[in-house]
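Reviewing the structure listed below.
Being a predicted model, the structure only gives us computed values, none of them experimental.
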Amino acid sequence: MTRFAALIPALVLATPLAAQDRESICSASAGIVDAAVEARSDGMGQKKAIRTIGNGLEGDAAIYKAAVQPIVNWVYGLEEEQLNDEVGATYEKACLAQ
């Protein structure tokens with residue numbers, strides 16, 4: 001949980017997300033986490049995952065592009081045994097608790 005807690009404030013302060021409500025920020029961030037976990041599980045390289053996930057954020061979701069790189073970097077830094085379907089949900093729960 002500590003690793004989640006350290007990442008979340010940095011993302012919110014470093015991106016234009018601060019103006020958004022916490023639920024929207026946490027939900028969107030958790031979606032990026034899920035996409036990064038899937039990309040890593042599928043064997044996609046870290047740089048390609050950053051590009052692919054970032055390019056997939058269009059319209060209103062485009063404001064979250066600045067959060068993609070730090071989130072993907074964090075996911076790719078997790079131990080292999082930590083990667084599962086619960087990472088995004090755990091991240092969102094920690095984010096909402098901040």
Side-chain angles (χ1 to χ4, degrees):
M1 186 77 141
T2 304
R3 292 185 74 181
F4 289 114
L7 178 66
I8 294 163
L11 291 176
V12 173
L13 294 174
T15 67
L17 304 179
Q20 300 293 320
D21 70 289
R22 181 177 306 274
E23 288 181 15
S24 294
I25 293 168
C26 294
S27 176
S29 303
I32 295 169
V33 170
D34 286 335
V37 168
E38 183 177 344
R40 182 174 169 192
S41 296
D42 289 346
M44 185 180 294
Q46 188 170 347
K47 289 181 181 180
K48 184 174 182 182
I50 291 167
R51 282 192 312 274
T52 301
I53 296 167
N55 290 340
L57 298 175
E58 298 176 344
D60 292 341
I63 65 168
Y64 298 101
K65 284 186 180 189
V68 172
Q69 183 173 356
I71 291 174
V72 171
N73 290 346
W74 174 76
V75 168
Y76 276 71
L78 293 174
E79 298 294 327
E80 188 72 33
E81 60 271 4
Q82 293 177 298
L83 297 178
N84 58 51
D85 294 341
E86 298 299 316
V87 178
T90 303
Y91 179 94
E92 186 169 10
K93 184 178 176 182
C95 179
L96 289 169
Q98 293 292 311

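- Considering every non-hydrogen atom in both A30 and E92, the closest pair reads CB-CB, 3.7 Å.
- By the side-chain hydrogen bond (donor to acceptor under 3.5 Å, both in side chains) test, N84 pairs with no residue at all, sequence neighbours left out.
- Atoms CD and CG, on E86 and D34 in that order, are 9.5 Å from each other to the nearest 0.5 Å.
- For the pair S29 and I25, the tightest heavy-atom approach, listed with the atom from each and the gap, is OG-O, 2.7 Å.
- Scored by the side-chain hydrogen bond (donor to acceptor under 3.5 Å, both in side chains) test, E38 finds no partners at all (sequence neighbours excluded).
- Atom OG of residue S41 and atom CG of residue L83 lie 5.0 Å apart, to the nearest 0.5 angstrom.
- Pairing each heavy atom of C26 with each of L96, the nearest pair is SG-N, 3.5 Å.
- Here the shortest heavy-atom pairing between M44 and T52 reads SD-OG1, 4.0 Å.
- Atom CD1 of I32 is separated from atom OG of S27 by 10.0 Å, given to the nearest 0.5 angstrom.
- The two residues A49 and A39 make their nearest non-hydrogen contact at CB-CB, 3.9 Å.
- With a 4.5 Å cut-off on side-chain heavy atoms, W74 and V87 count as touching.
- Shown here for V75 and R40, the closest heavy-atom pair between the two residues is O-NH1, 2.8 Å.
- Pairs passing the salt bridge (Lys or Arg N to Asp or Glu O under 4.0 Å) check and including a residue from residues 47-68, sequence neighbours excluded, do not occur.
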